[in-house]
Undergrad: 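Before we start, here is the structure in question, set down as structure tokens.
Positions are given from 1, in the same order as the sequence printed here. Read the numbers this way: they start at 1 and go in the same order the structure lists the ligands and their atoms.
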Amino acid sequence: MYELNLKLKTHQYPIFIGNSILQKSNILRSVCINKSAIVLVTNHTISTLWKQYIIDAFKVLSIQFYEFVIPDGEEYKNIETIEKCITFLLKKNCNRDIILIAFGGGVIGDITGFVASIYQRGVSYIQIPTTLLAQVDASIGGKTGVNHTLGKNMLGVFWHPDAVIIDTNFLNTLSRKQLVSGMAEVVKYGIIFDELFFNWLEKKYYELLNLKKEDILYCIKKCCEFKVNVVIKDERESYLRTILNLGHTFGHAIESYIGYGKYLHGEAISIGIVMAARTAEILNIINTVDVQRIIYLLKKIGLPTIAPKNMNPDEYIPYMIKDKKSINNGKIRLILPKKIGHVEIYSDIENKIILRAISNAS
Ligand code: GLY
């Protein structure tokens with residue numbers, strides 16, 4: 001098992017990474033100590049597949065245990081679900097000493113964290129991510145929130161968990177589509193931070209998709225380290241953390257325009273990464289070989305690399321402008337790769353370049 005530590009000014013928490021670690025260890029005991037109740041927040045899919053595993057893991061604690069189950073999908077990441085969850089907690093007479101468990105993918109993590117941040121002015125929660133995407137990215141760093149019909153993640157706060165427990169056992173029941181979607185965030189880390197890691201992904205993507213134990217563990221640990229190092233330096237995304245949004249400004253526009261849930265997050269991000277790479281190519285800040293390598297790896301993994309047919313290039317711009325992270329003095333701010341392993345933040349790109357890049361990714 002690996003253990004990382006995310007140390008912030010006012011808060012610090014462990015990230016445990018391993019196979020079947022939920023039942024093996026004292027981790028849960030240490031995290032849930034002195035809590036009056038545990039409230040598992042999950043979705044129908046995960047609950048059906050893993051209920052017994054989780055009950056077995058928690059029963060040793062002898063603490064009151066509740067389960068709040070929501071339908072599966074990004075389309076339920078909204079304020080209505082938050083209200084339902086809060087009503088559930090109030091009906092169970094939950095006080096401030098409860099601990100919420102976010103048991104699922106990024107959607108469950110965002111919803112649970114948001115509820116934890118506002119319920120009776122804030123309660124504890126832990127993240128037990130079950131998708132690759134949540135294990136390598138969404139569960140770490142305290143971003144919580146929900147979507148608005150006018151924009152993705154428009155409501156939310158930073159509220160860090162007390163711990164993140166990454167048990168790779170959950171990946172065994174993940175659909176191929178979800179696994180592939182999570183790989184988009186993995187490739188993202190290679191492009192942003194580390195050419196050697198990108199080279200390794202080119203060699204190992206097949207083993208990763210087949211969940212070869214030591215490779216998947218190494219991959220998740222590596223991604224968590226990248227993420228932790230950025231969050232430690234810029235918890236609130238004042239500048240540096242923005243680089244983690246490579247491909248996200250385009251990707252969020254796709255998700256918002258096409259409708260939440262139609263594209264998995266990672267699928268939209270994959271297309272967004274291609275658009276960012278194409279933008280960099282038009283501006284001559286990256287060489288074409290690197291762009292080709294990026295697109296080739298995404299394709300090999302099975303990720304989409306072509307813009308949705310029913311979305312015209314100019315339909316991206318209003319969504320990109322609305323994306324809170326993408327605006328700087330009224331201009332669209334984009335994270336662009338200069339080469340594999342290095343990105344930079346650009347705030348002065350003309351819309352016509354962006355439109356050309358979107359067309360080039362069609
Ligand atoms: N998913 C990017 C971040 O947490 O900052």
Undergrad: Under 4.0 Å from any heavy atom of Glu237, which atoms of ligand 1 are there?
TA: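 Under 4.0 Å from Glu237, ligand 1 has these atoms: 5 (O).
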Undergrad: Just by distance, no angles: are the side chains of Thr130 and Trp50 close enough, under 3.5 Å, to form a donor-acceptor pair?
TA: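 Checked: Thr130/Trp50 side chains show no N/O donor-acceptor pair below 3.5 Å.
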Undergrad: Give the atoms of ligand 1, by number and element, whose distance to some non-hydrogen atom of Lys227 is under 4.0 Å.
TA: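 That gives atoms 1 (N), 2 (C), 3 (C), 4 (O) of ligand 1.
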Undergrad: Between Thr242 and Asn245, does any side-chain donor sit less than 3.5 Å from a side-chain acceptor?
TA: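 No - no donor-acceptor pair under 3.5 Å links their side chains.
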Undergrad: I'd like to know whether CZ of Arg293 has more than 12 heavy-atom contacts from other residues, nucleotides or ligands below 6.0 angstrom.
TA: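 It does: Arg293 CZ has more than 12 such atoms within range.
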Undergrad: So which pairs with a foot in residues 265-289 pass ring-ring contact (aromatic ring centres under 6.0 Å, His included), sequence neighbours left out?
TA: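 Checked against ring-ring contact (aromatic ring centres under 6.0 Å, His included) - neighbours excluded - the pairs reaching residues 265-289 are His248-His265, His252-His265.
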Undergrad: Quick one: does His248 get a heavy atom under 4.0 Å from ligand 1?
TA: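 Checking ligand 1 against His248, which is what was asked, there is no heavy-atom contact under 4.0 Å.
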Undergrad: With a 3.5 Å distance limit and no angle check, can you tell me whether Arg241 reaches the backbone of Gly141 through a side-chain donor-acceptor pair?
TA: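 Yes: the side chain of Arg241 pairs with the backbone of Gly141.
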Undergrad: Can you find an N or O of Asn245 that's nearer than 3.5 Å to an N or O of ligand 1?
TA: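 Between Asn245 and ligand 1, no N or O pair is found under 3.5 Å apart.
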Undergrad: For ligand 1 and Lys188, I'd like to know whether there is a polar contact (N/O to N/O, distance under 3.5 Å).
TA: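 No, since none of the N or O atoms of Lys188 sits under 3.5 Å from an N or O of ligand 1.
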